[in-house]
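Just so it is clear, the model here is predicted, and its values are computed rather than measured. All residue numbers in this chain count up from 1 along the given sequence. Indexing begins at 1, ligand by ligand and atom by atom, following the structure's order.
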Amino acid sequence: MVTGGASGIGLAIVRRLVAEGASVLIADVDEAALAQARAGLDAAVEAAAVDVRRETEVARAVETTVAKFGRLDLGFNCAGLGAFGEITDLTEKDWDTVIDICLKGVFLSVKHQARAMLNNGTGGAIVNIASLNSHVPMYGGVAYTSAKAGVEMLSRNAALELAPKKIRVNTVSPGLTDTPLTSGFRDIDGVEAAFMARIPMERWGTPEDMAAAALFLASKDAGYITGSNLIVDGGWETSAYPDLRPFRDTLLEGP
Ligand code: NAD
């Protein structure tokens, strides 16, 4: 089961899973993107319209996965978005939206995925997508960075509780990755260069870079790894976050 699987990193995970022979349920709130993603993939893919903020919808998606495919072995929780705003101005609504999707959505997904995995007898593996912002603050990003730091701790706490039950829980923290979420950065003069100045490998990550890391953590090769946060950022954490203050006004306007 892949939440946020209709686009970007989630979709790359779906494609890689299908290529490896898995049956996949894509859970996403964007029904048009879901239909498009589903159309390009084979018959072993099911799509479910799910808002990860709603427990009944998440629980139903897990039930559908088990009903369609017999069991749930792997959960990848990718649904997420951000809202730009300085802490003195950020609205309660924007704070709630980001925290609810990025953090509460991961809680609800892990809760119901793990419950289904308990029935397997053989356990399972869950990979949550956080961000480099789980470790590094971002100007104008207080809701997002707080949610992503929360995802890392939530995953470690879940790993602690679920390890005896043979369920591993890990986090992938992507750096700057080329997806619809970040495409707006290319439209603001100077932002891409500001990021590149901080990324020692001098390139964007691809959704496939992130899918490779996520599938590794879900695989038997990572059988003794749980509670880890794998940073996949081209070395970016070594050089800190770019100074986004010069782009404040444009970023506040939004895409
Ligand atoms: P994306 O916008 O391409 O994909 C995000 C998907 O999540 C979309 O399909 C969207 O419809 C879905 N989604 C949003 N709200 C939802 C909800 N309430 N319920 C269900 N689905 C919902 O973005 P992406 O870059 O692939 O992001 C995937 C994850 O990676 C996110 O958690 C994001 O925070 C994280 N991330 C991305 C980057 C990056 O540079 N792109 C960096 C670090 C972390």
Side-chain angles (χ1 to χ4, degrees), residues 1-16 25-38 47-58 60-62 75-84 94 96-109 112 127-138 141 143-152 154-155 171-186 191-192 195-196 198-199 203-211 213-214 229-234 236-237 241-242 255:
M1 172 174 166
V2 183
T3 77
S7 175
I9 294 168
L11 182 56
I13 290 172
V14 170
R15 290 190 174 128
R16 180 79 192 262
L25 180 118
I26 312 177
D28 202 291
V29 78
D30 184 338
E31 298 196 31
L34 260 183
Q36 210 177 351
R38 173 76 191 74
V50 174
D51 185 334
V52 294
R53 292 172 289 186
R54 315 232 179 284
E55 182 159 21
T56 48
E57 295 183 23
V58 174
R60 199 176 320 123
V62 171
F76 297 87
N77 298 316
C78 314
L81 47 68
F84 190 87
D94 279 352
D96 285 347
T97 301
V98 174
I99 299 290
D100 282 358
I101 294 175
C102 291
L103 182 56
K104 179 180 163 187
V106 173
F107 156 61
L108 294 174
S109 301
H112 289 280
V127 180
N128 298 320
I129 304 298
S131 167
L132 178 62
N133 295 127
S134 61
H135 289 179
V136 181
M138 162 175 57
Y144 186 76
T145 58
S146 302
K148 293 302 188 177
V151 169
E152 179 180 22
L154 181 150
S155 306
T171 306
V172 169
S173 279
L176 184 68
T177 310
D178 197 358
T179 72
L181 188 72
T182 48
S183 58
F185 285 148
R186 292 187 192 279
V191 170
E192 186 176 10
F195 276 102
M196 286 308 139
R198 293 292 197 192
I199 300 174
R203 70 164 176 89
W204 293 65
T206 64
E208 292 73 27
D209 288 327
M210 306 310 146
N229 183 4
L230 182 54
I231 310 282
V232 187
D233 70 345
W236 182 4
E237 190 174 12
Y241 218 80

Below 3.5 Å, N or O to N or O, backbone or side chain included: is there any such pair between [X] and ligand 1?
X	value
S131	no
I101	no
G10	no

Practice task
Decide yes or no for I13 and C78: does some side-chain heavy atom of the first lie under 4.5 Å from some side-chain heavy atom of the second?
Solution key: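 Heavy-atom side-chain distance check passes, below 4.5 Å.
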Would you say [X] touches ligand 1, if touching means a heavy atom closer than 4.0 Å?
X	value
W204	no
C102	no
A33	no
P207	no

Practice task
Mind listing the closest non-hydrogen atom pair of G5 and D28 along with its distance?
Solution key: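 In terms of heavy atoms, the two residues are closest at N-OD2, 3.4 Å.
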Exercise for the section: Just let me know how T179 lines up against ligand 1, side chain, backbone, both or neither, with a heavy-atom cut-off below 4.0 Å. Expected result: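 It is the side chain that touches ligand 1; the backbone stays farther off.
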Problem - T182 contact mode with ligand 1 (heavy-atom cut-off under 4.0 Å) - result: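 Only the side chain of T182 comes within reach of ligand 1.
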Problem - W204 ring center within less than 6.0 Å of F195 ring center - result: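 No, ring centres 6.0 Å or more apart.
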Handout entry: Selection from A130, S173, A12, G4 by shortest heavy-atom distance to atom 7 (O) of ligand 1
Key =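 The nearest heavy atom belongs to G4.
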